[in-house]
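Heavy-atom basis, side chains included; hydrogens, waters and symmetry copies ignored.
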2 protein chains.
Amino acid sequence: MSKLYSPESAAIGVEQALRLLEGRWKLIILFHLFDGKVQRYSNFEKLIPEISQKMLAQQLRQLEADGIVSRMVYPQVPPKVEYRLTDWGQALCPALDAILKWAEKRKV
Amino acid sequence: MSKLYSPESAAIGVEQALRLLEGRWKLIILFHLFDGKVQRYSNFEKLIPEISQKMLAQQLRQLEADGIVSRMVYPQVPPKVEYRLTDWGQALCPALDAILKWAEKRKV
DNA sequence: CCGTATCCCGCTTGATACTG
DNA sequence: CAGTATCAAGCGGGATACGG
């Protein structure tokens, strides 16, 4: 943490934030957690059939590490794991909603 | 155009729309066109020093082909080319703004 | 000034198999 | 059910040089 922040640090923050959303599947995953929805691992596999297990696990781990998604493990057999948005992740909902609306305008 | 659209085409549309925004630099480029701003090629090179000419040109071409950015060439010497958002591209501004606000919340 | 062309590397992604 | 491990491939992306 020896690096000092310049007055332009806000702009840098945006680019850093964007990098957290990069990745072939992250936004798609987030759309399925939109609006407080809770998903299990196997749910995602059904919702996003094209994704491989590897990528699903990897992207979820990254989203978790970045504080966007929270992972809740129930210590039972068979295992049960739930994913939901963190508070900060919830703050993305307006953006997700705006992207949704934008996509719809394409058809017109 | 032989493919018929299923009732689920809306959901597919979102994923397709997301793919248009994929790429290391696209959203950063769009941020610099935010709110009706007009940029020249050389402007982008100053605004995004880390980007290579190849990637800048490539991402601009894709954004143009996808109908998000418009390219205006002034037939003069030396050449002058201006980039701005299309109408549909402008419709992305609320989303960009929401992402901006989201990024700012991280610091709290 | 505004790009292309070419070469090349490495990370992301995919396929498959295996496990607590 | 919810993941790892491993290997391989392809394309995104960087460096450099050249062109209208």
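- Which of C:dG14, C:dC1, D:dG14 sits closest to the side chain of A:M55 comes down to C:dG14.
- Here the P atom of nucleotide D:dA2 and the OH atom of A:Y83 are 8 Å apart, to the nearest Å.
- Using modelled atom types, one side-chain atom of A:W88 and one backbone atom of B:W102 make a donor-acceptor pair closer than 3.5 Å.
- The distance from atom CZ of A:F44 to atom P of D:dA2 is 11 Å, rounded to the nearest whole Å.
- When the P atom of C:dA15 is taken as reference, atom CD of A:E45 falls 14 Å away, rounded to whole Å.
- Between the C1' atom of D:dG20 and the OH atom of B:Y74 lies a distance of 20 Å, rounded to the nearest Å.
- Going from atom NZ of A:K26 over to atom C1' of C:dT12 covers 12 Å, rounded to whole Å.
- For B:S42, no side-chain nitrogen or oxygen approaches OP1 or OP2 of C:dC1 to under 4.0 Å.
- Distances shorter than 4.0 Å separate none of the side-chain N or O atoms of A:R24 from OP1 or OP2 on D:dG10.
- The closest side-chain donor-acceptor pair between B:E64 and B:Y83, if any, does not fall under 3.5 angstrom.
- The phosphate of D:dA2 has neither OP1 nor OP2 within less than 4.0 Å of any side-chain N or O from A:R71.
- Using a 4.0 Å heavy-atom criterion, one finds that A:Q59 contacts the sugar-phosphate atoms exclusively.
- Between A:E22 atom CD and C:dC11 atom C1' there is a gap of 12 Å when expressed in whole angstrom units.
- Without hydrogens or angle criteria, A:K80 side chain to A:V73 main chain gives no donor-acceptor distance under 3.5 Å.
- The phosphate of C:dC2 (OP1 or OP2) has a side-chain N or O of B:R40 nearer than 4.0 angstrom.
- When rounded to the nearest whole Å, the span between CD of A:Q76 and C1' of D:dA2 equals 12 Å.
- The nearest whole Å value for the distance from the CD atom in A:Q58 to the C1' atom in C:dC11 is 10 Å.
- Taking every side-chain heavy atom of A:P79 into account, C:dG20 is the closest of C:dG20, C:dT4, C:dA17.
- At a cut-off of 3.5 angstrom, the base of D:dT4 holds no donor-acceptor pair with the side chain of A:K54.
- Ion pairing between a basic and an acidic side chain is recognised when a charged N comes within 4.0 Å of a carboxylate O; A:R84 and A:E82 show such pairing.
- Between the side chain of B:Y41 and the backbone N or O of B:L56, no donor-acceptor pair lies under 3.5 Å.
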